[in-house]
Number of protein chains: 2
Amino acid sequence: MLSNACKYAIRSILYLAIHSDDSKKIGVKKIAEELESPQPFLAKLLQQLSKKNLVSSVKGPSGGFYLSKSNLENSVWNTIECIDGTDKFTKCFMGLSSCGDENPCPVHFTVAPFKQKILHDFKDRTIRDFAEEIKLKGRRISLKDFEVT
Amino acid sequence: MLSNACKYAIRSILYLAIHSDDSKKIGVKKIAEELESPQPFLAKLLQQLSKKNLVSSVKGPSGGFYLSKSNLENSVWNTIECIDGTDKFTKCFMGLSSCGDENPCPVHFTVAPFKQKILHDFKDRTIRDFAEEIKLKGRRISLKDFEVT
DNA sequence: ACAAAAAAAGACAATTATATCTGTTTATAT
DNA sequence: ATATAAACAGATATAATTGTCTTTTTTTGT
């Protein structure tokens with residue numbers, strides 16, 4: 001559904017939400033290893049996110065990326081907007097510009113509630129909320145430490 | 001969500017389901033005009049669909065594409081399989097291979113029920129079912145005849 | 001039989017997504 | 001102050017998606 005770029009971006013942000021703060025920055029290299037994503041590609045993404053204030057960064061030795069208090073108040077939606085754009089969530093599943101409740105495409109009423117729910121979760125819940133749930137319930141954002149038991 | 005290719009393909013099939021049968025074939029040119037999709041691109045897609053027996057065709061004058069009785073019994077899922085592949089519906093939203101009910105990613109329980117619902121609609125309902133609903137309820141598969149009133 | 005109409009097939013072109021590489025700037029630790 | 005570590009910036013490479021163009025094959029109406 002999402003592009004690879006966007007998946008990497010969201011996972012990075014969640015990773016930073018859990019493992020970083022302004023006194024503990026993390027470099028691209030480390031993040032890329034943890035998430036098993038291509039390092040230079042991820043670097044580009046983090047720069048985009050940084051420009052939009054979705055992540056914070058400092059250069060130089062012992063620098064790196066982290067999430068500030070205010071970064072934590074953003075939504076996943078902000079990240080999707082930044083990387084992919086939100087067309088695929090707001091536009092018609094079948095590509096019809098006039099599709100809506102009054103002029104529904106054949107799958108409109110199948111897809112519409114799904115969109116609603118996803119939009120709600122991605123717009124209204126903050127990164128902080130997600131991070132909390134991840135810590136509390138042990139959600140998974142990496143494959144690295146995954147062992148089949 | 002779907003690729004352009006797949007959207008064109010599904011709309012073509014639904015168009016044919018409504019307007020064609022073995023005694024009324026329709027050429028690519030006409031279909032492309034009706035759906036406002038790029039003609040040569042659509043031609044390619046129809047050939048792919050034809051190979052998988054999702055549409056029927058005859059060459060020569062007064063030939064064209066149509067849906068046979070058996071074509072009508074296929075599902076939208078078959079078309080998606082044929083054109084896009086179904087990875088984006090079956091795989092984890094965040095790209096984690098181990099994601100599932102036991103090892104959920106952060107959005108797993110948001111996304112899972114709707115995957116279920118979408119899969120159900122796309123696998124279990126036939127093209128005939130969709131066509132019937134389109135005729136009955138006036139669903140829209142083209143933009144061409146759409147007037148803002 | 002023959003001309004025309006249509007699908008089928010294959011080569012080509014443009015754009016976007018994905019990814020890498022190289023060099024520059026900036027901040028920090030010593 | 002200086003060396004170094006890290007982000008930042010820009011150019012390049014590759015693959016997939018989207019789309020076009022040309023030729024061939026098949027079928028039908030005359």
Side-chain angles (χ1 to χ4, degrees), chain A residues 1-13 16 20 22-33 35-68 71 80 82-85 87-88 95, chain B residues 1-13 16 20 22-33 35-68 71 80 82-85 87-88 95:
Chain A
M1 305 274 214
L2 299 171
S3 70
N4 287 349
C6 204
K7 290 176 193 164
Y8 297 151
I10 294 173
R11 291 203 285 138
S12 298
I13 286 184
L16 289 173
S20 82
D22 56 0
S23 69
K24 190 186 172 203
K25 290 134 201 162
I26 305 179
V28 199
K29 199 181 164 192
K30 169 83 171 164
I31 304 172
E33 274 168 14
L35 302 182
E36 293 184 311
S37 56
Q39 208 240 71
F41 190 53
L42 186 59
K44 284 288 172 201
L45 295 172
L46 287 167
Q47 283 165 34
Q48 279 182 259
L49 295 171
S50 172
K51 274 182 201 162
K52 301 272 179 174
N53 292 308
L54 299 176
V55 303
S56 303
S57 68
V58 292
K59 293 181 178 180
S62 83
F65 293 92
Y66 67 100
L67 291 204
S68 67
N71 294 151
I80 296 175
C82 178
I83 304 294
D84 271 1
D87 280 5
K88 73 184 75 168
Chain B
M1 306 274 210
L2 299 171
S3 69
N4 286 350
C6 204
K7 290 175 192 165
Y8 297 151
I10 294 174
R11 291 203 286 138
S12 298
I13 287 185
L16 289 172
S20 81
D22 57 359
S23 69
K24 190 186 170 202
K25 290 132 200 163
I26 305 179
V28 198
K29 199 182 164 192
K30 169 82 171 165
I31 303 173
E33 273 169 14
L35 302 182
E36 292 184 312
S37 55
Q39 208 241 71
F41 191 52
L42 186 58
K44 284 287 172 203
L45 296 171
L46 286 167
Q47 284 166 33
Q48 278 182 259
L49 295 171
S50 173
K51 275 182 199 160
K52 300 272 180 175
N53 291 308
L54 299 177
V55 303
S56 304
S57 68
V58 293
K59 294 182 180 179
S62 84
F65 294 91
Y66 66 100
L67 291 205
S68 66
N71 294 151
I80 296 175
C82 178
I83 303 294
D84 271 1
D87 280 4
K88 74 184 74 167

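Everything quoted here is computed from the prediction, not taken from an experiment. For the numbers below, each heavy atom of this structure counts, side chains included, while hydrogens, waters and symmetry mates do not. Every chain is numbered from 1 and lettered A, B, ... according to where its sequence line falls, protein lines coming before strand lines.
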For [X] and [N], what is the distance between atoms [atom1] and [atom2] respectively, to the nearest whole Å?
| X | N | atom1 | atom2 | result |
| --- | --- | --- | --- | --- |
| B:Asp84 | D:dT18 | CG | C1' | 12 Å |
| A:Ile83 | C:dT16 | CD1 | C1' | 15 Å |
| B:Gln47 | D:dC21 | CD | P | 16 Å |
| B:Lys30 | C:dA7 | NZ | C1' | 18 Å |
| B:Gln48 | C:dG10 | CD | P | 13 Å |
| A:Leu16 | D:dA7 | CG | C1' | 14 Å |
| B:Leu45 | C:dA9 | CG | P | 14 Å |
| A:Tyr66 | D:dA6 | OH | P | 16 Å |

Looking at every strand, decide which applies to [X] at a 4.0 Å heavy-atom threshold: base, sugar-phosphate, or nothing.
| X | value |
| --- | --- |
| B:Lys25 | nothing |
| B:Lys51 | sugar-phosphate |
| A:Lys44 | base |

- prompt: Counting only N and O atoms by type, is there a donor-acceptor contact under 3.5 Å from the side chain of B:Ser12 to the main-chain atoms of B:Tyr8?
  reply: yes
Can you check whether [X] has a side-chain N or O nearer than 4.0 Å to OP1 or OP2 of [N]?
| X | N | value |
| --- | --- | --- |
| B:Ser3 | D:dT18 | yes |
| B:Tyr8 | D:dG19 | yes |
| A:Ser57 | D:dC8 | yes |

message: Taking the nucleotide of DNA chain C with the nearest heavy atom to each, does A:Pro40 or A:Ser62 sit closer to the 5' end?
response: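 Taking each residue's closest nucleotide, the earlier one in sequence belongs to A:Pro40.
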field: 5′-ward residue of the pair A:Gln39/A:Gly60 relative to DNA chain C
entry: A:Gln39
- line: Between B:Phe65 and the options B:Val28, B:Ile26, B:Ile13, the side chain to side chain contact (heavy atoms under 4.5 Å, CB included) test singles out B:Val28
query: What's the shortest heavy-atom distance between B:Lys52 and B:Cys82, and which atoms?
result: CG-SG, 3.6 Å
message: If you assign B:Ala5 and B:Gly63 each to the DNA chain D nucleotide with the nearest heavy atom, which residue ends up on the more 5' nucleotide?
response: B:Ala5
message: Side chain of A:Phe41 only, heavy atoms from C-beta on: which candidate in C:dT20, C:dA8, D:dG19 is closest?
response: C:dT20
- prompt: If we only count heavy atoms from C-beta on, is the B:Asn71 to B:Leu54 side-chain gap below 4.5 Å?
  reply: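 They are not in side-chain contact.
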